[in-house]
Amino acid sequence: MSKGVAFLEIEAKLEKFAETAEAVAGTTKKLEKVAIVGDYLQSLNDADLTRAARYFAGHQFAQNDSRTTNVGGSILSAALSEATGFSGDDLYPRYVRLGDAGEVAEEVIKAVKHNTPTITLAETESLISRLSETRGTKNKIALLSAVLHRATPLEAKYLVKLLAGDLRIGLRESLVEDAIARSFVQPLEKVSYANMLLGDIGYTAVRARAADLQDVGMRLFHPIKFMLATPAADLTDIARTMPDEFLVEDKFDGIRAQAHVSDGRVAIYSRTMDEITHRFPELVQPLLTLPTDVIIDGEVVPAKDDAILPFSGLQKRLGRKKVGTQLLIAIPVVLVAYDLLYANGRVLIDEPLSARREVLERLIPASGPLRLSIAKSFNDASQLDNEFDAARARGNEGLMIKSPASFYKPGRRGREWMKLKRAIATLDVVVTAVEVGHGKRRHLLSDYTFAVKRSVDDDELLNIGKAYSGLTDAELAELTEYFKQHTIQEFGHGRVRLVQPTVVIEVTFDRVQPSNRHKSGFALRFPRILRLRPDKLPTDIDTLDTVRKLVDPT
DNA sequence: GGTGTCTGCCCC
DNA sequence: ATTCTGC
DNA sequence: GCAGAATGGGCAGACACC
């Protein structure tokens with residue numbers, strides 16, 4: 001409880017949280033959002049401050065808490081149905097119209113109930129916690145519907161949004177940090193640094209209010225955020241951004257990993273700062289043999305000796321509770337180390353990359369299960385074409401280009417690090433089905449399923465992927481009208497439409513994989529739309545044979 | 001026991 | 001992951 | 001330049017249902 005502030009001891013209501021969220025959603029101005037959230041947070045006692053800060057950041061639990069509710073659209077809809085008497089068939093068209101499960105909940109609760117606000121943030125926390133403990137879909141539905149039964153429209157709206165995993169009010173964790181910093185008069189950098197290391201925006205808020213952020217420093221086994229790279233458009237983009245001399249490494253297609261080693265203990269963290277050590281047991285021993293305590297940044301890559309294996313193999317080791325011996329033999333992994341954030345009792349992130357690498361290179365061997373990423377110095381971006389091809393020939397994805405002067409900026413995506421990837425090809429395809437979007441795209445048919453044709457003389461269309469990204473809002477709006485007029489058949493109350501196959505688009509992707517997802521027997525990795533091709537007829541599109549030639553060996 | 005559906009601050 | 005948009 | 005929003009595919013695990 002906060003010190004000597006008795007009037008704050010009243011239990012916070014979900015209704016008030018929801019009203020505040022509505023006010024945040026009501027403006028697009030960040031400073032206004034931050035002020036609204038900040039004012040509200042100040043009015044809460046410590047326990048509720050913890051909860052509200054988490055919920056505003058869109059989290060059900062603290063980041064360092066690995067629990068999940070395993071509640072999604074299906075359970076939310078069933079619980080809402082049970083609480084209101086509306087059938088799934090009543091709810092579905094509303095979802096299509098409103099594009100947000102929370103808004104559906106608000107609308108139907110308003111229609112059938114006249115509850116007064118009773119739900120507290122404490123109860124909200126307990127509901128979420130019980131949902132994570134409850135086994136069985138039916139039990140989860142019963143638990144949730146009992147709460148929705150006595151909820152006001154606004155309470156239901158934000159309960160559902162929270163459980164759906166996204167508030168959609170134009171507020172992310174970084175703005176919550178900003179609100180905490182401003183309202184408790186602490187430097188923003190200190191707040192976000194503390195949040196990262198504490199792994200809980202809620203506890204961070206409490207510490208910020210108590211002006212107790214000074215001794216939150218980097219510690220082993222508290223992961224820090226990863227520095228990210230900006231995609232390079234082309235080589236001139238690199239040339240104009242990088243200094244005269246820059247470092248170039250292969251870009252590995254694996255899992256980004258941060259390894260902490262100290263005192264006979266090893267922990268490996270993923271980009272979302274979850275501990276993933278148990279999935280890669282073969283890396284523990286090599287890390288333990290290091291002569292000093294370290295925090296290493298690198299990539300877990302599937303590899304047999306020097307040969308890099310495809311990413312698809314590695315996926316079989318993800319999300320697994322136990323990795324069996326067979327899998328360990330079939331898909332061995334190595335940790336390719338490319339940065340060093342801590343060593344010999346010293347924090348290195350505020351030293352230039354060149355200095356960090358110097359220490360790293362003395363520490364890590366060139367080969368074996370723990371190996372060094374080779375960094376070459378270049379002064380001419382035009383030489384990167386060859387280097388790129390060489391990286392691809394080695395089984396890697398492309399190149400990373402880094403300024404040797406760059407400090408390690410946790411959580412930042414700057415231009416001091418760039419990544420170069422290249423699409424292997426593009427395909428001309430025809431749109432066969434469209435779907436409505438969500439949130440602010442709820443009025444648009446924004447999601448396109450597309451097909452190639454079976455062969456040069458067989459026009460049978462075979463779906464191969466889905467994409468939305470790449471088109472502007474204006475193009476989406478225009479296509480929405482067009483597709484409404486060229487719909488063959490509607491499904492799911494207009495959520496999905498089969499359309500006349502007339503719109504040709506050019507799509508790109510990182511690779512083609514065999515898959516059962518689509519009728520073609522293939523799927524695309526990272527599909528995106530390059531442009532509309534009004535100059536092409538549906539009969540001009542690419543064929544399954546073309547696709548086959550692009551398939552990655554797996 | 002086999003199969004299909006839903007879920008994940010999943011991983012990319 | 002990628003991409004577009006508003007600030 | 002940054003943050004936010006909305007979107008893709010594949011995988012294992014947990015369940016419901018047969």
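Every chain is numbered from 1 and lettered A, B, ... according to where its sequence line falls, protein lines coming before strand lines. Reckoned from all heavy atoms, side chains included, excluding hydrogens, waters and symmetry mates.
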Trainee: Between Arg412(A) and Gly465(A), which has a closest nucleotide on DNA chain D that is more 5'?
Mentor: Arg412(A)
Trainee: Just call it for Lys419(A): base, sugar-phosphate, or nothing, with non-hydrogen atoms closer than 4.0 Å on any strand.
Mentor: sugar-phosphate
Trainee: Please confirm whether the shortest side-chain N or O distance from Lys138(A) to OP1 or OP2 of dC17(D) is below 4.0 Å.
Mentor: yes
Trainee: How far apart are the closest heavy atoms of Arg392(A) and Arg422(A), and which atoms are they?
Mentor: NH1-O, 3.5 Å
Trainee: Do we get Arg442(A) above Tyr95(A)'s six-membered ring, with its NZ or CZ under 6.0 Å from the centre and within 45° of the axis?
Mentor: no
Trainee: Kindly say if Ser270(A) contacts the phosphate of dC11(B), meaning a side-chain N or O under 4.0 Å from OP1 or OP2.
Mentor: yes
Trainee: So if I apply the salt bridge (charged side-chain N to carboxylate O under 4.0 Å, His left out) rule between Glu106(A) and each of Arg94(A), Lys161(A), Lys157(A), which one comes out positive?
Mentor: Lys157(A)
Trainee: Between Gly170(A) and Gly319(A), just flag the one whose closest nucleotide in DNA chain D comes earlier from the 5' side.
Mentor: Gly170(A)
Trainee: Does dT3(C) have a Watson-Crick or wobble partner in any strand here, with both distances under 3.5 angstrom, and which is it?
Mentor: dA5(D)
Trainee: Please tell me which of Lys29(A) and Asp510(A) maps to the more 5' nucleotide of DNA chain C, matching each residue to the nucleotide holding its nearest heavy atom.
Mentor: Asp510(A)
Trainee: Should Thr28(A) be listed as having a side-chain N or O under 4.0 Å from OP1 or OP2 of dC7(C)?
Mentor: yes
Trainee: Let's test this: given Watson-Crick or G-U wobble pairing with both distances under 3.5 Å, identify the partner of dC10(B).
Mentor: dG10(D)
Trainee: Is any side-chain nitrogen or oxygen of Arg441(A) closer than 4.0 Å to OP1 or OP2 of dA6(D)?
Mentor: no
Trainee: Taking atom C1' in both dG9(D) and dG8(B), compute the distance separating them and give it to the nearest angstrom.
Mentor: 14 Å
Trainee: Under 4.0 Å between any heavy atoms, over every strand shown, what does Phe311(A) touch: base, sugar-phosphate, or nothing? Just pick one.
Mentor: sugar-phosphate
Trainee: Measure from the side-chain heavy atoms of Ile255(A) and tell me the nearest of dC12(B), dG9(D), dT7(D).
Mentor: dC12(B)
Trainee: Just jot down the ring pair (Phe, Tyr, Trp, His ring centres under 6.0 Å) partners of Phe491(A), sequence neighbours excluded, or say none.
Mentor: none
Trainee: Please check the phosphate of dA12(D) (OP1 and OP2 only) for any side-chain N or O of Lys322(A) closer than 4.0 Å.
Mentor: no
Trainee: Which residues satisfy the salt bridge (Lys or Arg N to Asp or Glu O under 4.0 Å) test with Glu299(A), sequence neighbours excluded?
Mentor: none
